[in-house]
2 protein chains.
Amino acid sequence: MVAEKGTVDRKRDSQALKGLLGVRDLVLGGGVSPGERLSEVWLAEKLGISRTPLRAALARLEQEGLLEQIPSGGYAVRGFTTADVFDAIELRGVLEGTAARLAAERGVTPAKLKAIKGLILELDKCFRDRPEDMLFAQYVELNAEFHSMLAGLAGSDMMRREVERATQLPFASPSAFLEKQEDVLAFRLSLVHAQRQHRDIVSAIEMREGSRAEALAREHARLARHNLEFVMEEDRSLITRVPGLTLIST
Amino acid sequence: MVAEKGTVDRKRDSQALKGLLGVRDLVLGGGVSPGERLSEVWLAEKLGISRTPLRAALARLEQEGLLEQIPSGGYAVRGFTTADVFDAIELRGVLEGTAARLAAERGVTPAKLKAIKGLILELDKCFRDRPEDMLFAQYVELNAEFHSMLAGLAGSDMMRREVERATQLPFASPSAFLEKQEDVLAFRLSLVHAQRQHRDIVSAIEMREGSRAEALAREHARLARHNLEFVMEEDRSLITRVPGLTLIST
DNA sequence: TGTGTCCAAGCTGTATACAATGATAAGCCG
DNA sequence: CGGCTTATCATTGTATACAGCTTGGACACA
């Protein structure tokens, strides 16, 4: 689980944070169904906090897009269609593409360029001669770091914030279809392609090829789309293993 | 009965809504300076509400990007640089462009197409023989409606939400540099160009030219960028008349 | 005069009590 | 027997009290 903004060690927001993580886990874990109303008193008791910090957490999750307001009051779990997930992935691609384009057009500081190139080399090390020997967990971690670094490469705080916001929805995250799927060979093989795209994106940025960098980053995100299609059409049993995919209705 | 229900509905979240609008107006009106801490008790007294709904409003405004959390607790007014405003405008262009592209690629229902074409004709009626006779207020209103409709043209709820989210920041709104500037002739003349772009965007969508629609929508947003440059370089006295521009520091 | 420490005031985060509103089910009338 | 009204209940929205933390300043000492 990604650390929340600000230091977690602050005991002051421990209650609000507990509510945020608790409700999020409950929703993503399938503890409540889409459309179902989330009773505040029930949740507060279940999580061991009072209603006040819980309401803050619910409001935030509504902004994140995981919950929706009920007209008569309160919140319900938001339901998603397959089209919604496609669009969320496309949206992330568009925003990451914009971050890449701006980085190329405006130029990147040598330090940042060196850092992200080093990250690519680290990612290379995860691949072994035999696919089954691959350092999967490390790849997942480094991949998340790569995308985070890409978002900030343009040096625009506004852009970095928005890209990271677009990855908040669990199934839109760059790691969405990676975690807990190391045993699916098809996913492993696609990582070779993904890593190639990582390299090309950075290369395009370095050579100031903005349009190419944008197109590559968009296409890179569409790998997730292919993975989603695989899950939905070939092996629906995987739905329960990708966080948030249980919220898909149709 | 129905009308009464409406008033009751408004009254239900009247406190939270009053807090939201009140704090927003206060910040945009320049009542508080960037970086300044917003004391909850002071705000609650000033707005005539209690701290609980006020905190909900503050949390929401932090999500909107108008406020930022202070590490030690509480919220402060967020400061923006000129680069931030540029990026916010660029971001809106990217998202509106994506909405336009998807609409072109996926096709638009005849009803929606007819509606937005009708809107363009309505916008045409705002122009008169002499620029000073232009129906400015009506143009502003119809322009906002056009952009709102464009966001939903692709039929993707996900995309519509995100586009509208990107227009939340006051200086990123399609109407940001329109309101209260009817006396500046330079702005009026640019509206002719803007309306031409409106027409071209819809035309591209109708002809399924996705890439062109995207490029046009992006360029259309950059009109706001030109307006911003005019304000910052030619006539800084206008800063106080564009909502939110008082938050710019450098 | 500069600096470190300590205290107090104010602030935020949290819990809880209260008010208002929507939902549900029972009962009455046609 | 069915539809409408009404009353009760559950649930959310709001206010307020309290506790812990941060901050700012005053004061003592080097």
Side-chain angles (χ1 to χ4, degrees), chain A residues 3-24 26-27 31-33 35-63 66-78, chain B residues 1-23 26-27 31-63 66-78:
Chain A
E4 208 49 40
K5 65 183 306 182
T7 45
V8 186
D9 60 348
R10 289 217 335 273
K11 215 165 190 175
R12 249 222 336 286
D13 32 355
S14 85
Q15 299 303 88
L17 198 61
K18 190 194 289 186
L20 189 67
L21 300 179
V23 177
R24 190 187 282 150
L26 194 68
V27 172
V32 284
S33 303
E36 190 175 337
R37 178 186 215 127
L38 291 173
S39 168
E40 294 182 359
V41 285
W42 179 75
L43 270 178
E45 268 188 34
K46 191 177 180 67
L47 300 177
I49 61 179
S50 94
R51 279 181 59 213
T52 308
L54 175 69
R55 281 174 69 84
L58 292 176
R60 179 163 188 138
L61 288 171
E62 191 254 339
Q63 287 292 312
L66 216 58
L67 306 181
E68 60 187 357
Q69 274 191 327
I70 299 176
S72 65
Y75 296 93
V77 180
R78 185 173 167 202
Chain B
M1 187 64 107
V2 177
E4 192 186 5
K5 194 175 182 181
T7 58
V8 169
D9 245 7
R10 249 180 311 176
K11 206 166 191 175
R12 192 173 49 73
D13 40 7
S14 82
Q15 299 303 85
L17 199 61
K18 190 193 290 185
L20 189 68
L21 300 179
V23 176
L26 196 66
V27 171
V32 283
S33 303
E36 191 175 336
R37 179 186 215 126
L38 290 173
S39 167
E40 294 182 359
V41 285
W42 178 75
L43 270 178
E45 265 188 36
K46 192 177 179 70
L47 300 177
I49 61 178
S50 93
R51 280 181 56 213
T52 307
L54 174 69
R55 281 175 69 83
L58 291 177
R60 183 172 186 121
L61 287 172
E62 191 254 339
Q63 288 290 313
L66 217 59
L67 305 180
E68 61 187 356
Q69 274 191 331
I70 298 175
S72 64
Y75 297 93
V77 180
R78 185 173 166 203

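Just so it is clear: chains get the letters A, B, ... in the order the sequence lines come, proteins before strands, and each one is counted from 1.
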Between atom [atom1] in [X] and atom [atom2] in [N], what is the gap in whole Å?
X: B:Leu17; N: D:dG13; atom1: CG; atom2: C1'; value: 13 Å
X: A:Tyr75; N: D:dG13; atom1: OH; atom2: C1'; value: 11 Å
X: B:Ile70; N: D:dT22; atom1: CD1; atom2: P; value: 13 Å
X: A:Arg37; N: C:dA23; atom1: CZ; atom2: C1'; value: 9 Å
X: B:Leu54; N: C:dC11; atom1: CG; atom2: C1'; value: 13 Å
X: B:Arg55; N: D:dA17; atom1: CZ; atom2: P; value: 17 Å

Spacing of [atom1] belonging to [X] relative to [atom2] belonging to [Y], to within rounding of 0.5 Å:
X: B:Leu66; Y: B:Arg78; atom1: CG; atom2: CZ; value: 8.5 Å
X: A:Lys46; Y: A:Leu54; atom1: NZ; atom2: CG; value: 12.5 Å
X: B:Ser39; Y: B:Glu45; atom1: OG; atom2: CD; value: 9.0 Å
X: A:Trp42; Y: A:Arg37; atom1: CH2; atom2: CZ; value: 13.5 Å
X: A:Leu58; Y: A:Gln63; atom1: CG; atom2: CD; value: 12.5 Å

Contacts of type side-chain contact (heavy atoms from CB on, under 4.5 Å), residue B:Glu36, not counting sequence neighbours: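 side-chain contact (heavy atoms from CB on, under 4.5 Å) check on B:Glu36 returns B:Val32, B:Ser33.
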
Touch class at under 4.0 angstrom, heavy-atom based, for B:Leu38 against every strand present: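 The answer is sugar-phosphate, as B:Leu38 gets under 4.0 Å only of primed atoms, P, OP1 or OP2.
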
All N/O contacts under 3.5 Å from nucleotides 15-19 of chain C to the protein, with atom names and distances to one decimal?
{"unit_1": "C:dA15", "atom_1": "OP1", "unit_2": "A:Gln15", "atom_2": "NE2", "d": "3.0"}
{"unit_1": "C:dA15", "atom_1": "OP2", "unit_2": "A:Ser50", "atom_2": "N", "d": "3.0"}
{"unit_1": "C:dA15", "atom_1": "OP2", "unit_2": "A:Ser50", "atom_2": "OG", "d": "2.8"}
{"unit_1": "C:dA15", "atom_1": "N7", "unit_2": "A:Thr52", "atom_2": "OG1", "d": "2.8"}
{"unit_1": "C:dT16", "atom_1": "O4", "unit_2": "A:Thr52", "atom_2": "OG1", "d": "3.1"}

All side-chain hydrogen bond (donor to acceptor under 3.5 Å, both in side chains) counterparts of B:Arg51, not counting sequence neighbours: B:Glu40

Side-chain heavy-atom pair B:Val27, B:Leu61 within 4.5 angstrom cut-off: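 Contact flag for B:Val27/B:Leu61 side chains = no.
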
Residue pair B:Glu68 / B:Pro34, side-chain heavy-atom distance below 4.5 Å: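 Not in contact.
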
Positions of residues 39-46 of chain A (non-hydrogen atom under 4.0 Å from DNA chain D), listed by number: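 Contacting residues: A:Ser39, A:Glu40.
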
Presence of B:Ser72 side-chain N/O under 4.0 Å of D:dT23 phosphate oxygens OP1/OP2: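 B:Ser72 to D:dT23 OP1/OP2: side-chain N or O found under 4.0 Å.
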
